[in-house]
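Working notes, structure below.
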Amino acid sequence: MALTVLDVAHWSTWAVCAVIKLPQLVAVLQAGSARGLSVSSLLLELAGFIVFLRYQIYYGYPLQTYLEYPIIIAQDVILLLCILHFYGKTKRALFFAVIFWGVWYMLTLRKWIIDLAMNLCTFISAASKLVQLWCLWQTRDSGEVSALTWSMSAYTCATRIFTTVVTTNDLAVLIRFITMLILNIWVTATILHYRKTKKTD
């Protein structure tokens, strides 16, 4: 059985996503700090991932087009717990869990809700990247933010643009991945810029 370009795109996306947040987790744990990371950005990212995963399941899209999302969500939850711990706000985790479970349930109560949520999902996910950019611009310091994690996110968006065109050709999904690709590249470039600036000081 020969691997197709589509198979390679799916497998490489899953492989990258299996470890996508590990560089960020390692950086935070080694530093014992979440400096430079935005809790708001991570919460918005989680919201976007949850809406996207629920949308894909609701419409019965092929599992291989969204298999990485439960893995990324689990890694984001672990990262969020670490960040909350270092900011001394661990007790908020239960509140966030209740909100996200409620959203997961409510998304499919009516078809129009999931459709509207998916259309808003691109804005939510874009907002998560913009909030992280704002945090970087405010501090002018990339702190413990991992350029590797953000560049891996850009790669997975690029592969998902291809897989979406080939499998479902869903315009809302395509717009989301194109927008996220641009913003992930922008965040990566900003991290590298501030890292370079800090080294030259």
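Only this structure's heavy atoms are used, side chains among them; waters, hydrogens and symmetry mates stay out.
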What distance do [X] atom [atom1] and [Y] atom [atom2] have between them, rounded to the nearest 0.5 Å?
{"X": "Lys21", "Y": "Leu148", "atom1": "NZ", "atom2": "CG", "result": "11.5 Å"}
{"X": "Leu181", "Y": "Ile178", "atom1": "CG", "atom2": "CD1", "result": "8.5 Å"}
{"X": "Ile175", "Y": "Met118", "atom1": "CD1", "atom2": "CE", "result": "9.5 Å"}
{"X": "Ile114", "Y": "Leu107", "atom1": "CD1", "atom2": "CG", "result": "4.5 Å"}
{"X": "Thr190", "Y": "Ile185", "atom1": "OG1", "atom2": "CD1", "result": "11.5 Å"}
{"X": "Tyr66", "Y": "Thr168", "atom1": "OH", "atom2": "OG1", "result": "12.0 Å"}

Using a 3.5 Å distance criterion without hydrogens, assess whether the side chain of [X] forms a donor-acceptor pair with backbone atoms of [Y].
{"X": "Gln56", "Y": "Pro62", "answer": "no"}
{"X": "Thr149", "Y": "Ser146", "answer": "no"}
{"X": "Ser12", "Y": "Ala9", "answer": "yes"}
{"X": "His85", "Y": "Thr90", "answer": "no"}
{"X": "Thr122", "Y": "Asn119", "answer": "no"}
{"X": "Tyr87", "Y": "Ala34", "answer": "yes"}
{"X": "Glu144", "Y": "Gly36", "answer": "no"}
{"X": "Asp7", "Y": "Thr4", "answer": "yes"}

Could you see if [X] belongs to whatever hydrophobic cluster contains [Y]? Use Ile, Leu, Val, Met, Phe, Trp, Tyr and a side-chain cutoff under 4.5 Å.
{"X": "Ile20", "Y": "Ile78", "value": "yes"}
{"X": "Ile124", "Y": "Tyr58", "value": "no"}
{"X": "Phe123", "Y": "Phe49", "value": "no"}
{"X": "Trp134", "Y": "Leu46", "value": "yes"}
{"X": "Ile99", "Y": "Leu44", "value": "no"}

**OP:** Please assess Tyr61 against Thr167 for the test side-chain hydrogen bond (donor to acceptor under 3.5 Å, both in side chains), listing each intermediate value before the final yes or no.
**Re:** CA-CA 9 Å; Tyr61 285 158; Thr167 57; over 6 Å; no
**OP:** Using the test side chain to side chain contact (heavy atoms under 4.5 Å, CB included), find all partners of Ser41 that sit at least two apart in sequence or belong to another chain.
**Re:** Ser38, Ser128, Val131, Gln132
Hey, are the side chains of [X] and [Y] touching, using non-hydrogen atoms and a 4.5 Å cut-off?
{"X": "Tyr194", "Y": "Asp141", "result": "no"}
{"X": "Phe100", "Y": "Leu43", "result": "yes"}
{"X": "Glu68", "Y": "Arg160", "result": "yes"}
{"X": "Phe162", "Y": "Val5", "result": "yes"}
{"X": "Leu37", "Y": "Leu42", "result": "no"}
{"X": "Thr65", "Y": "Thr164", "result": "no"}
{"X": "Met152", "Y": "Thr156", "result": "no"}
{"X": "Ser33", "Y": "Val28", "result": "no"}

Considering non-hydrogen atoms only, spot the tightest contact between [X] and [Y] and give its length.
{"X": "Gln75", "Y": "Cys17", "value": "NE2-O, 2.7 Å"}
{"X": "Ile71", "Y": "Leu67", "value": "CD1-O, 4.1 Å"}
{"X": "Leu136", "Y": "Ser142", "value": "CD2-CA, 3.6 Å"}
{"X": "Ala147", "Y": "Ile191", "value": "CB-CG2, 3.8 Å"}
{"X": "Leu81", "Y": "Ala93", "value": "CD2-CB, 3.5 Å"}
{"X": "Val51", "Y": "Ala117", "value": "CG1-O, 3.4 Å"}

Original post:
Any chance CH2 of Trp104 has more than 12 other-residue heavy atoms, nucleotides or ligands included, within less than 6.0 Å?
Top reply: yes
Original post:
Using the benzene-type ring in the case of Trp, are the ring centres of Tyr59 and Tyr55 under 6.0 Å apart?
Top reply: yes
**OP:** Walk me through it: do Val145 and Trp150 pass the test side-chain contact (heavy atoms from CB on, under 4.5 Å)?
**Re:** CA-CA 9 Å; Val145 185; Trp150 285 92; 3.5 Å; yes
**OP:** Please say whether the positively charged group of Arg176, taken as NZ for Lys or CZ for Arg, lies over the ring of Phe52, i.e. under 6.0 angstrom from the six-membered ring centre and within 45 degrees of the axis.
**Re:** yes
**OP:** Applying side-chain hydrogen bond (donor to acceptor under 3.5 Å, both in side chains), run through Thr108 and Arg54 and close with a yes or a no.
**Re:** CA-CA 8 Å; Thr108 55; Arg54 194 68 161 151; 2.9 Å; yes
Subject >> Trace of the ring-ring contact (aromatic ring centres under 6.0 Å, His included) decision for Trp137 with Trp186 >> reply: CA-CA 12 Å; Trp137 294 333; Trp186 193 1; 5.7 Å; yes
Original post:
Under the side-chain contact (heavy atoms from CB on, under 4.5 Å) criterion, do Thr188 and Leu192 qualify, and how do the steps go?
Top reply: CA-CA 6 Å; Thr188 303; Leu192 295 174; 4.1 Å; yes
**OP:** Give the intermediate values and the outcome of side-chain contact (heavy atoms from CB on, under 4.5 Å) for residues Leu133 and Leu130.
**Re:** CA-CA 5 Å; Leu133 279 167; Leu130 293 171; 4.1 Å; yes
**OP:** Would you sort out whether Arg140 and His193 count as a side-chain hydrogen bond (donor to acceptor under 3.5 Å, both in side chains), showing the intermediate values?
**Re:** CA-CA 9 Å; Arg140 296 190 176 282; His193 169 74; over 6 Å; no
